[in-house]
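Indexing begins at 1, ligand by ligand and atom by atom, following the structure's order.
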Amino acid sequence: MDDKKSDALEPKRLLEHMHVLCKEIGPRPACSPKEAAAADCVLRTLHNLGYPDVCVQPFKSNDTMGWWTIPLGLILILSLPLFFFAGRLGKWIASVSCLVAAENIRGITRVRRPFFQRLVARGRSQNVYLTIAPRGAVRGRVTLLAHLDSNKQRFTLPPSNPALMKPLLTLQIVYAALMGLVMGGASSARRRNPFLMGFYAVSGGMLLSSLAAQLNDERQPFIEGASDNASGVSVLLGIAEALRTHPLEHTEVTLLFTGCEEPGCTGMEAYLRQQRPPRDTWFVDVDNVGSGGVCYVLKHGVSYLSTYLPDAGLVEIASRAAHKNAHLGVSGREMLTVDEVATVNNFGYRGLLLTSYNQQGYLNNWHRVSDRLEIMNPATWSRAAQFTWAMLQEVDL
Ligand SMILES: [Zn+2]
């Protein structure tokens with residue numbers, strides 16, 4: 001690797017991008033002027049690197065995940081009085097509502113938007129993207145993606161003991177479905193049936209505490225998002241600079257900076273729906289590479305009912321790149337995560353996530369106000385950038 005390219009992927013250069021995103025702009029809520037400022041900053045940086053043809057794609061979205069989770073929680077809570085106090089039709093409506101809510105909760109854990117998305121997509125956001133042609137004829141396409149927005153602090157995603165995340169979310173989905181089945185089965189039962197009374201009390205308590213936790217998350221401050229995901233954005237800007245002087249031979253590279261990942265990957269979805277990239281495109285998502293070890297993800301998911309996998313071909317490429325660049329110490333791991341690779345999969349495309357992990361094997365400071373530039377490790381994001389570069393070289397062989 002010669003000096004110019006290695007400079008672009010060095011910790012010091014990436015830190016310049018990180019500093020602008022984390023300290024000059026700060027927290028970047030979805031659909032906010034700060035998120036737009038981050039998009040503008042990326043646009044200007046790419047222009048300054050000598051890329052005039054950068055595209056901006058506006059789209060509409062919900063601005064927080066609460067617009068998905070809280071209405072579904074309310075549907076479940078309202079089904080209880082409907083079941084107990086309405087007539088037989090009301091009981092059936094309550095039963096079906098619970099089943100629909102259960103399926104929608106499972107859906108949002110795989111970032112499938114809920115049925116009422118049009119009603120809540122009231123904010124405005126944007127994606128920024130740039131396609132860099134290879135020197136020769138195009139034989140392959142890679143899209144590197146990183147999200148611009150940062151989340152609120154969320155004590156439910158993940159809980160303080162991340163090991164509880166999958167059991168808790170799975171329980172919520174199963175319980176919501178169970179409510180629907182019990183209500184359907186008991187539609188002709190007497191109101192004062194002791195079993196139903198107990199069920200009513202347990203369900204009400206669980207639903208109210210879950211709703212309270214969601215409302216508490218919505219009241220939390222937005223985080224600086226140094227790892228999640230100023231780090232990924234900085235890696236992509238480093239790659240843009242490296243490609244300026246060292247374009248690939250036969251691989252077209254698109255750099256995609258998405259808005260609104262945190263409220264449900266709606267920027268990624270808008271990109272796939274509107275831009276319809278060619279089917280053979282490989283998507284490599286760079287997210288949360290701020291500190292700890294760097295890995296590519298072999299199995300994703302935040303509940304046992306919404307697990308998803310990366311593309312096998314991309315895993316093969318990543319594994320070859322890791323083998324050839326053993327000094328970077330990158331390996332494949334199962335991670336507790338939900339990310340834009342889910343959306344890539346939902347639309348039938350092929351994706352892989354590059355991320356980082358702490359000593360317990362989880363994302364560092366995930367959705368906590370402690371996700372700040374001061375405690376990041378520059379070596380981690382530089383290793384992630386060098387590994388991303390190594391994967392591009394591997395694809396271009
Ligand atoms: Zn992220």
Option among Thr64, Asp63, Thr69 that satisfies the side-chain hydrogen bond (donor to acceptor under 3.5 Å, both in side chains) test with Trp67: Asp63
Heavy atoms from other residues, nucleotides or ligands near CZ of Arg350 exceed 12 (cutoff 6.0 Å): yes
Within 45° cone and under 6.0 Å: Arg279 NZ/CZ vs Tyr349 ring: yes
Glu261 near the Zn ion (ligand 1): N/O/S under 2.8 Å: no
Whether Asp339 has an N, O or S atom under 2.8 Å from the Zn ion (ligand 1): no
Shared hydrophobic cluster, Leu130 / Val142 (ILVMFWY, side-chain heavy atoms < 4.5 Å): yes
Angular separation of His147 NE2 and Asp228 OD1 about the Zn ion (ligand 1), given to 10°: 90°
